[in-house]
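What follows is a set of notes on a single structure, which appears directly below.
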Amino acid sequence: MVSPASPLPSTTEPKAPPQWLQPLLMLAPAGVWLALLLVLPTLLIFQLSLVPGIRPGQVVNPSGLDNYWRIVQPDYFPVLTRSLFFSIGTTIACLVLGFPIAYWIALKVPKRWQNLVLLAFVLPLWTSSLLRTYAWITILRPTGVLNSILGKVGMPPLDLLNREPAVLIGMTYSLLPYMVLILYAALEKLDRRLLEAAADLGANPAQTFWRVTVPQSLTGIAAGSLLVFITSMGDFVNPEILGGASSMTVARLIYNQFLGATQNWGFGSALSMVLILVVSIAIALLLKYGDRSAAGGV
Amino acid sequence: MPSLTRRQLLHTATAIAAGMVLPGCGWTLGEVRPALSKGNKDELSLFTWESYIDPLLTETFHTQTGINVTADIYDSNETMLATFQSGKGAIYSVIYPSDYKVAEMIDKKLLKPLDHSRINGMENLMPEFQNSVYDPANRHSVPISWGTTGFIYNTAALNPGPEDWEDLWRLQAQLNRKMTLLADVREVMGATLKSLGHSYNATDPTEIRQAYQKLVQLKPAVTTFTTDAWRDRLLAGDLILSMAYSADAVRLIQENPDAKLRYVIPASGTSLWSDTMVIPVTAPNPDAAYEWINFMMQPSVAVGVTSRLFFATPNQAAFDQLPAPLRNNGSLFPPESVIQACERIIPLDPKVMELYDQYWTKLTSG
């Protein structure tokens with residue numbers, strides 16, 4: 001242990017942990033975190049999902065897949081479809097709206113203003129999301145802000161609140177800053193010399209955009225879309241507050257199973273597992289096909 | 001051999017993790033345990049509805065007893081019970097469940113039997129509240145307020161207005177997308193069952209299906225199902241009618257006397273509800289809980305609750321002291337004949353509840 005030649009008795013040569021242990025030690029804090037807050041709860045939910053109709057106060061005794069059979073009944077199909085519709089719609093809307101904004105901030109705004117503009121853009125995230133959703137009621141309701149403006153410019157009023165458009169507007173508004181931040185990070189690294197080269201070689205702006213800019217920012221597009229899709233699959237605030245009489249989504253259905261009148265935690269857990277599965281498939285697909293450059297680069 | 005060691009380690013870790021969870025059958029979901037530390041003598045934690053939050057009450061209580069009151073709020077009995085059972089409940093000494101939830105909590109042995117010798121003024125309760133179906137002889141709960149479920153509508157936009165549940169279907173064209181129903185499966189299904197001449201608590205699958213089919217006809221006219229988000233929009237004219245609890249409706253009418261709003265208790269009957277105060281078995285400070293219950297039972301305090309928060313009091317002594325306009329408010333204190341037609345919501349068998357929930361999911365996703 002102690003080197004005899006050492007002049008100082010305290011300079012013990014610290015025994016390095018074995019090679020295989022080093023990455024484990026570095027990953028340990030995150031690993032413990034993940035195990036306690038992700039793996040363990042997921043396993044618990046999985047266990048509950050195997051108990052048909054379990055309610056609080058009952059003994060957990062896994063006995064089969066009844067809860068899962070219930071999900072594939074036709075009653076629940078529209079719920080899943082609506083969730084996918086909201087999530088995919090929100091992802092597309094965020095991408096279409098977010099890309100020009102991120103492009104503008106990354107390439108057009110002078111460097112010293114960029115951080116300020118970004119800050120201004122994420123500022124709404126500092127207020128409660130519930131508050132922002134309620135603000136949309138004030139804007140969208142029949143006699144609300146939007147319709148008074150439309151009335152002033154001589155346009156017919158829109159009945160948006162408590163319909164699908166309101167939910168899509170609310171979700172897009174909530175998630176747009178995330179999309180912009182991720183796209184900005186990708187576009188900021190864009191190699192501008194390639195843009196100049198494309199222009200020099202005679203590409204028009206549209207060709208440059210589709211064949212130079214988009215391929216280079218594909219990583220950001222994939223990552224941003226994934227984040228927005230996953231988050232909107234789990235959102236129950238917007239469908240609940242802005243949606244109408246037909247706004248049942250998977251996330252709301254899960255909420256109802258745990259905190260609603262039936263208290264069927266078993267069925268709620270099975271629904272949660274399905275939601276986790278859908279999200280996992282999305283991640284797997286993106287890792288396999290959409291995010292090659294990221295996987296190779298990092 | 002590092003790689004082998006690593007693999008062994010991984011195997012062991014996985015086995016431990018799986019062993020902790022998967023074969024761990026037989027544990028009880030949501031078992032309620034008392035908090036490890038006993039509560040502070042001068043602290044009382046309430047778990048209550050938002051509508052009952054009143055700073056004047058807690059301040060007066062503090063002056064009288066020196067006990068500090070903190071309150072957490074919930075928006076449905078179900079959320080309350082789930083929160084309570086998922087372990088957060090052990091900090092509360094007084095909870096305000098509604099009638100049918102009291103029955104369920106007694107059944108699950110979550111409530112402390114009350115020592116009536118420590119409560120003053122039980123004899124002040126109106127006779128019908130001395131002995132309730134959900135808690136015989138008030139052994140576990142003290143009623144604090146009661147009311148009905150009905151609808152509030154704009155008399156300027158709808159004249160003559162609806163008088164019964166059936167009228168919602170009759171006036172469907174006028175109410176199109178200008179009406180909200182409660183976000184509560186039992187209330188909405190119950191009201192529809194009542195309009196079909198069945199019980200608010202029907203358990204017959206045929207009757208429940210009939211109610212669902214009738215609701216499907218009404219649904220295109222329903223803007224949304226909400227318990228709270230109708231007030232502003234009713235005042236603004238975006239809505240004409242909302243299904244609501246009497247306490248919420250009366251409060252809105254009292255606070256906006258010019259808004260031409262009216263609360264209706266449906267003629268064929270509706271649900272009658274009471275909110276109560278209970279002491280859970282896990283209460284960290286039962287002494288302060290009794291102090292609070294005694295405080296709320298004082299007729300002068302109950303008068304304040306009714307005149308500030310517009311909850312009907314079950315306390316006869318307080319009722320007698322109320323100003324005449326409140327005492328004669330038919331929406332708050334309906335005549336006996338109206339009450340006779342009403343029913344209390346009672347807990348249903350989980351299988352039947354499942355059926356309600358399935359139809360509710362179908363209704364709100366179709």
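This one's a predicted model, so the numbers in the text were calculated from it and none came from an experiment.
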Derivation and outcome, side-chain contact (heavy atoms from CB on, under 4.5 Å), residues L161(A) and R233(B): CA-CA 11 Å; L161(A) 189 60; R233(B) 295 155 72 186; 3.5 Å; yes
Heavy-atom side-chain contact between W265(A) and Q85(B) under 4.5 Å: no
Within-4.5 Å side-chain heavy-atom neighbours: N264(A) and D357(B): no
Qualifying ring-ring contact (aromatic ring centres under 6.0 Å, His included) pairs, either residue in residues 61-80 of chain A, two or more places apart: Y76(A)-F267(A)
Inter-residue atom distance N256(A).CG - W360(B).CH2, 0.5 Å rounding: 9.0 Å
Whether over 12 other heavy atoms sit under 6.0 Å from E50(B) CD: no
Greatest number of heavy atom pairs closer than 4.5 Å to chain A - which of Q358(B), R186(B), K108(B): Q358(B)
K362(B) backbone acceptor or donor facing D75(A) side chain under 3.5 Å: no
S365(B) versus R82(A), closest heavy-atom pair with distance: O-NH2, 2.9 Å
I137(A) versus chain B, the contacting section by heavy-atom distance below 4.5 Å: side chain
Portion of K101(B) that has a non-hydrogen atom of chain A nearer than 4.5 angstrom: side chain
Side-chain ion pair, R55(A) and E78(B), N-O less than 4.0 Å: no
Contacting region of T262(A) [heavy-atom separation from chain B under 4.5 Å]: both
Non-hydrogen atoms of V222(B) and A245(A) that approach each other most closely: O-CB, 3.6 Å
Rounded distance (nearest 0.5 Å) linking atom CZ of R141(A) with atom OG1 of T223(B): 13.0 Å
CD-OG1 distance between E240(A) and T224(B), expressed to the nearest 0.5 angstrom: 8.0 Å
Contact leader toward chain A among K351(B), K219(B), M80(B), where contacts are heavy-atom pairs under 4.5 Å: K219(B)
Validation row: R177(B), N162(A) side chains within 4.5 angstrom (heavy atoms): yes
Segment of L81(B) engaging chain A (4.5 angstrom heavy-atom cut-off): side chain
Proximity breakdown for S76(B) and chain A, heavy-atom pairs closer than 4.5 Å: side chain
Reported OG1-to-CG distance for the pair T83(B) and L259(A), which is rounded to 0.5 angstrom: 6.5 Å
Side chains of D232(B) and Y134(A) in contact at under 4.5 Å (non-hydrogen atoms): no
Most chain A-contacting option - heavy-atom pairs closer than 4.5 Å, from D238(B), L239(B), L348(B): D238(B)
Toward chain B, the part of Q263(A) with a non-hydrogen atom under 4.5 Å: side chain
Side-chain touch P142(A)/K178(B), heavy atoms, less than 4.5 angstrom: no
